[in-house]
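Residue numbering restarts at 1 for every chain, and letters A, B, ... go by the order of the sequence lines. Being a predicted model, the structure only gives us computed values, none of them experimental.
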Amino acid sequence: MEGPSLVILKEELASLKGKKIMQVGGTAKLDFSRLTNAKINQINTWGKHFLLVFSGFTIRIHFLLFGSYRINERKDRAPKLTITCGGKEVNFYSCAVTILEEVPDKIYDWSCDVMSDAWDPTKARKKLKQLPHLNVGDALLDQTIFAGVGNIIKTEVLYRIKVHPDSNIGNLPPRKLGELIKEARLYSFDFLHWKKEFILRKHWLAYKKKICRRCNVAIQLKYTGITKRRSFYCEQCQVLYN
DNA sequence: CCGGTTGTTCAGCG
DNA sequence: GCGCTGAACAACCG
């Protein structure tokens with residue numbers, strides 16, 4: 001689950017803000033008593049972290065690869081966490097649930113979350129300048145630079161800016177580096193918009209695609225970077241900088 | 001129907 | 001202490 005999907009969840013649960021937790025349970029190893037009757041002060045996201053902020057502590061949910069949730073619905077297996085609040089039953093499945101004792105502002109740098117109003121592209125560029133040998137795909141997946149970007153966004157950004165996934169950051173012309181940073185945020189918001197409309201897949205141009213729409217040649221699949229994540233790309237129009 | 005993965009952390013090793 | 005590798009988790013899709 002990538003950053004924009006968590007923004008959708010935040011919006012779906014906006015009505016819970018200011019409400020008390022009426023019931024809590026699940027298989028997570030967690031002191032549930034802290035949650036009972038606690039009031040949700042804020043619902044927030046940082047990258048792929050979903051945050052329920054209470055007075056004195058915060059619940060952090062990370063969906064990893066297989067996580068999911070249901071609102072007023074249940075799957076046929078036990079939830080990691082279930083809360084009843086504001087008239088809604090929210091069930092979280094196969095996710096990592098932890099309690100943060102520090103206030104989120106102390107832990108999270110909002111300016112590196114591509115979905116945040118505080119997103120700061122200049123800061124991202126400064127970080128990238130320090131990492132010339134970093135693979136471009138690994139750079140996009142680095143949560144300390146582009147929090148919220150996942151493998152789909154990575155793939156589509158590189159296709160959009162016509163950069164080969166084996167390229168290195170330091171070899172990108174300055175203008176290309178600027179495009180990479182800009183598109184990381186722009187595509188993330190397109191992802192958000194399309195996912196809300198249930199038309200995300202329809203708009204994939206490289207991810208899981210067979211033919212390049214620009215060149216009409218076969219899309220390649222290769223595991224790239226130090227992270228060895230899947231990259232779908234067009235050998236013809238995505239330029240290798242290295 | 002079974003192999004692979006929209007992700008991250010940690011143990012173990014040299 | 002470092003980088004690197006592989007395991008673990010765990011469920012849906014094609």
(request) Considering only atom P, compute the distance from B:dC1 to C:dC9 and round it to an integer number of Å. (result) 26 Å
(message) Categorize A:Tyr207 for me: base, sugar-phosphate, or nothing, with a 4.0 angstrom heavy-atom threshold over every strand shown.
(response) sugar-phosphate
Please write out each protein N/O paired with an N/O of nucleotides 4-8 of chain C under 3.5 Å, distance rounded to 0.1 Å.
none

(request) Return the value, rounded to whole Å, for the distance between atom CG of A:Asp138 and atom P of B:dG7. (result) 13 Å
(request) Mind calculating the distance between CG (A:Leu200) and C1' (B:dT6) to the nearest angstrom? (result) 9 Å
(request) For the residue pair A:Ser68 and A:Lys75, confirm or rule out a side-chain donor-acceptor distance under 3.5 Å. (result) yes
(message) Could you check whether A:Lys154 and A:Ser231, counting side-chain N and O atoms only, form a donor-acceptor pair closer than 3.5 Å?
(response) yes
(request) Ignoring hydrogens and angles, tell me if any N or O in the side chain of A:Asn168 forms a donor-acceptor pair with the backbone of A:Gly170 under 3.5 Å. (result) no
(message) Between A:Asp117 and A:Trp110, does the side-chain hydrogen bond (donor to acceptor under 3.5 Å, both in side chains) criterion hold? Intermediate values first, please.
(response) CA-CA 8 Å; A:Asp117 291 341; A:Trp110 308 102; over 6 Å; no
(request) Provide the closest heavy-atom pair for A:Ile43 versus A:Lys10 in the form atom of the first, atom of the second, distance. (result) O-CD, 3.5 Å
(message) Testing the basics here: between A:Ala206 and A:Phe232, what is the closest heavy-atom pair and its distance to 0.1 Å?
(response) O-CB, 3.1 Å
(request) Convert the base pairs of DNA chain C into dot-bracket notation, remembering that pairs crossing earlier ones are written with [ ] and that bases paired across to another strand are shown as |; include only Watson-Crick or G-U pairs under 3.5 Å. (result) .||||||||.||||
Nucleotides 9-13 of chain C: which of its N/O atoms have a protein N/O under 3.5 Å away?
from, atom 1, to, atom 2, distance (Å)
C:dA10, OP1, A:Lys80, NZ, 3.4
C:dA11, OP1, A:Arg77, NH1, 2.9
C:dA11, O5', A:Arg77, NH1, 3.4
C:dC12, OP1, A:Lys75, NZ, 3.0
C:dC12, OP1, A:Arg77, NH2, 2.5

(request) Report the residue (A:Arg60 or A:Phe232) whose heavy-atom-nearest nucleotide on DNA chain B is the more 5′ of the two. (result) A:Phe232
(message) Ring of A:Tyr187, cation from A:Arg160 - is the NZ or CZ under 6.0 Å from the centre and inside 45° of the axis?
(response) no
(message) Do A:Arg213 and A:Tyr159 form a cation-pi contact, if we require the NZ or CZ to be under 6.0 Å from the six-membered ring centre and within 45 degrees of the ring's axis?
(response) no
(request) Examine B:dT8: is either OP1 or OP2 under 4.0 Å from a nitrogen or oxygen in the side chain of A:Lys48? Give yes or no. (result) yes
